[in-house]
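Okay, so here's the structure we're looking at.
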Amino acid sequence: MTSQKLNPPAIAAPVGVYSHGVLAPATGQWLHVSGQIGVRPDGSLGSGFAEQARLAWENLLAVLAAAHMDASHLVKVTTFMTEAGDLKDLNPVRAAFLGEARPASTLLIVKALARPEWLFEVEAVAYRA
């Protein structure tokens, strides 16, 4: 049995690429992915928000792949960004990496991340039956 996306008609439909809830069966494998930032494999930081967001999503999917998972296994995604004005650049990146997956999701606009040059971070929980 795979996870079930929950978007009950009693509340407004999601306003983006996510589901209000994801129900996963009791048996299976859970993967908690630490916050991924926009760095390349050599440790260099992407320039600007859009590149950092793309690199962070690539890193997140690489962790999923190491566990033999992909975006369809995502249950919950939490996104942190430092500038609300960059939201217009996030949605196309997010949609490209999620495809048809609709994990539960939270987006936070924060004053800063752990380092001032970091503009974007994404963490996730994934499940495989």
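These numbers come from a predicted model, not from an experiment.
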**Item:** Same apolar cluster: F97 and L90, side chain cutoff 4.5 Å
**Value:** yes

**Fill in**
F49 and D89 have their tightest heavy-atom pair at CD2-CB, 3.9 Å

**Asked** Can you tell if the side chain of L64 reaches within under 4.5 Å of the side chain of L74, non-hydrogen atoms only?
**Response** yes

**Message:** To check you understand the geometry: which heavy-atom pair defines the closest contact between A71 and A101, and what is its length?
**Reply:** O-CB, 3.3 Å

**Request:** State whether the side chain of N7 and the backbone N or O of P14 hold a donor-acceptor pair below 3.5 Å, judged by distance alone.
**Result:** no

**Asked** Does the side chain of V77 come within less than 4.5 Å of R94's, by heavy atoms?
**Response** yes

**Asked** According to a 4.5 Å side-chain heavy-atom criterion applied to Ile, Leu, Val, Met, Phe, Trp and Tyr, with indirect links allowed, do V63 and V39 form part of one hydrophobic cluster?
**Response** no

**Fill in**
When every non-hydrogen atom of A67 is compared with those of L31, the smallest separation belongs to CB-CD2, 3.8 Å

**Prompt:** How about K76 and V22: do any of their side-chain heavy atoms sit closer than 4.5 Å?
**Reply:** no

**Message:** Is any side-chain heavy atom of T106 closer than 4.5 Å to one of Y18?
**Reply:** no

**Message:** Using every non-hydrogen atom in the two residues, find where K5 and R102 come nearest and quote the distance to one decimal.
**Reply:** CD-O, 3.6 Å

**Fill in**
Tightest non-hydrogen contact, residues E123 and L60, listed as C-CD1, 4.3 Å

**Item:** Main-chain N/O of S34 paired with Q36 side-chain donor or acceptor, under 3.5 Å
**Value:** yes

**Item:** Connected via hydrophobic side-chain network under 4.5 Å: F80 and I109
**Value:** no

**Item:** Aromatic plane relationship, W30 with Y127 - under 30° parallel, 30 to 60° tilted, over 60° perpendicular
**Value:** tilted

**Transitive ILVMFWY side-chain link L119 to V93, under 4.5 Å** = yes

**Asked** Do M81 and L55 belong together in a cluster built from hydrophobic side chains that touch within less than 4.5 Å?
**Response** no

**Request:** Find out whether T79 and V122 are in side-chain contact, i.e. whether some heavy atom of one side chain is under 4.5 Å from a heavy atom of the other.
**Result:** yes

**Message:** Determine whether R40 and E51 satisfy the following criterion, side chain to side chain contact (heavy atoms under 4.5 Å, CB included), listing intermediate values before the conclusion.
**Reply:** CA-CA 10 Å; R40 297 177 190 87; E51 185 178 17; 2.7 Å; yes

**Message:** Between T78 and L108, is the side chain to side chain contact (heavy atoms under 4.5 Å, CB included) condition met? List the steps.
**Reply:** CA-CA 8 Å; T78 304; L108 298 148; 4.0 Å; yes

**Message:** How about CD on E117, more than 12 heavy atoms from neighbouring residues, nucleotides or ligands closer than 6.0 Å, or not?
**Reply:** yes

**N-O pairing of E121 and R115 below 4.0 Å** = no

**Request:** Measure across T82 and W118 and return the closest heavy-atom pair with its distance rounded to 0.1 Å.
**Result:** CG2-O, 3.9 Å

